[in-house]
Amino acid sequence: MQIDLASATTEQIYNLLIGIVAPRPIAWVTSMNIAGQLNAAPFSAFNYMGIDLPIVAIGISNRPGSKMIAKDTAQNIRHTREFVINVVDEAGAEDMNICAIDFPAEMNELKIAHLKITPSLLVKVPRIASAPASLECREISTIEIGNNRIVLGQVVAIHVKDEFVDQAGPYILAEKLHAVGRMNGLGAYVKTKDTFFRMPRMTYEDWKLQQEN
Ligand SMILES: Cc1cc2nc3c(=O)[nH]c(=O)nc-3n(C[C@H](O)[C@H](O)[C@H](O)COP(=O)(O)O)c2cc1C
């Protein structure tokens, strides 16, 4: 199949792109409106973009069916300029899915999913207590392109449960953390438990030696 996107619908583009750009990490974002009301929602258009500065990006489309009205998360981040990205593990997957329901703005997904929160170190927005790791972020900028908002955030503090840290690096014990990733739009996810394989990076010298043998 080949497709020129000029003649494709938004739905077709969505279906194809999210199935091809996969697996994706999931940012389970906690945010707060100016009145202090909390919100939580997952976003898999997410990755880290740099380490110096430590930058993350989240792609948030506008509310379904109501073009140009931002989702609560995007509005909150614009207004308070703070958010927390919580990592989704296998134990948290179902609660994360509840937070993806398009609830009215006044409903708090954290309460509905019975999720406990705990204070952050530097930002007012709390983090999800059960998450294996969380990134406290301050908004650098929100870029509006078409019907999307791309939130760029600077990570200002990191939390990881001790059981998932090798203090030597410190490294994340990713095999133990059991993060889940999102696949296509058909409700498919991947588990990372017992699925790791190792492939050390090669230097140019290593590669040349391999060619000779
Ligand atoms: C695993 C998962 C990933 C999602 N990723 C995105 C995403 O990257 N961008 C987006 O706009 N919506 C995404 N959604 C949908 C939002 O989570 C959903 O619209 C949510 O209700 C937004 O909440 P809010 O209005 O409280 O911000 C995703 C949903 C799920 C279940």
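The analysis underlying the following values was restricted to heavy atoms, covering all of them including side chains, and did not include hydrogens, waters or symmetry mates. Only a predicted model underlies this, so the values are computations on that prediction, with no experimental measurement involved. Counting convention: from 1, in listed order, for ligands and their atoms alike.
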Within 6.0 Å of NZ in K116, more than 12 heavy atoms from elsewhere: no
Identity and separation of the nearest protein heavy atom to atom 1 (C) of ligand 1: Y189 OH, 3.2 Å
Only one of T30, N76, N39, I77 passes side chain to side chain contact (heavy atoms under 4.5 Å, CB included) with F83, and that residue is I77
On a heavy-atom basis, which atom in S130 and which in K161 lie closest, and how many Å separate them? O-CE, 3.9 Å
Between S134 and R127, is a side-chain hydrogen bond (donor to acceptor under 3.5 Å, both in side chains) present by the stated rule, with each step listed? CA-CA 7 Å; S134 304; R127 56 200 172 93; 4.7 Å; no
Treating N97 as the side-chain partner and E94 as the backbone partner, does any N or O pair qualify as donor plus acceptor under 3.5 Å? no
For atom CG of L173, is the number of surrounding heavy atoms from other residues, nucleotides or ligands below 6.0 Å larger than 12? yes
Closest approach of any protein heavy atom to atom 18 (C) of ligand 1, naming residue and atom: A100 O, 3.4 Å
Pick, from S44, A27, A41, A40, the option with the minimum heavy-atom distance to atom 5 (N) of ligand 1. S44
Test item: T142 side-chain N/O and R78 main-chain N/O as donor-acceptor pair under 3.5 Å: no
Taken to the nearest 0.5 Å, the spacing of L121 CG from I158 CD1 works out to 11.5 Å
Using the side chain to side chain contact (heavy atoms under 4.5 Å, CB included) rule, pick out the option among V84, N86, V87 that qualifies with W28. N86
When distances are taken from atom 3 (C) of ligand 1, the protein heavy atom at minimum range is R182 NH1, 3.3 Å
Donor-acceptor pair, Q154 side chain versus I55 backbone, under 3.5 Å? no
Ligand 1 to T73, heavy atom cutoff 4.0 Å, flagged ligand atoms 24 (P), 27 (O)
Show me which atoms of ligand 1 lie under 4.0 Å from any heavy atom of S61. 10 (C), 11 (O)
Please assess D102 against K71 for the test salt bridge (charged side-chain N to carboxylate O under 4.0 Å, His left out), listing each intermediate value before the final yes or no. CA-CA 9 Å; D102 284 317; K71 290 185 182 175; 5.3 Å; no
Measure the distance from atom 9 (N) of ligand 1 to every protein heavy atom, then report the residue, atom name and distance (to 0.1 Å) of the closest one. G59 O, 3.0 Å
Pick, from N39, I77, I60, the option with the minimum heavy-atom distance to atom 26 (O) of ligand 1. N39
Look at ligand 1 and say whether E109 reaches it with a heavy atom at a distance under 4.0 Å. yes
Please determine whether any non-hydrogen atom of I101 lies less than 4.0 Å from an atom of ligand 1. yes
Atom 21 (O) of ligand 1 has as its nearest protein heavy atom D102 OD1, 2.9 Å
To check your reading of the model: name the closest protein heavy atom to atom 28 (C) of ligand 1, its residue, and the distance in Å. P42 O, 3.3 Å
Contact region, R63 to ligand 1, non-hydrogen atoms below 4.0 Å, reads neither
Closest approach of any protein heavy atom to atom 25 (O) of ligand 1, naming residue and atom: D72 N, 3.0 Å
Regarding ligand 1, does A45 bring an N or O atom to under 3.5 Å of one of the ligand's N or O atoms? yes
So which protein heavy atom does atom 10 (C) of ligand 1 come closest to, and at what separation? K71 NZ, 3.3 Å
Could you say whether the N/O atoms of N97 and ligand 1 ever approach to under 3.5 Å? no
Against ligand 1, does F103 come closer than 4.0 Å with any heavy atom? no
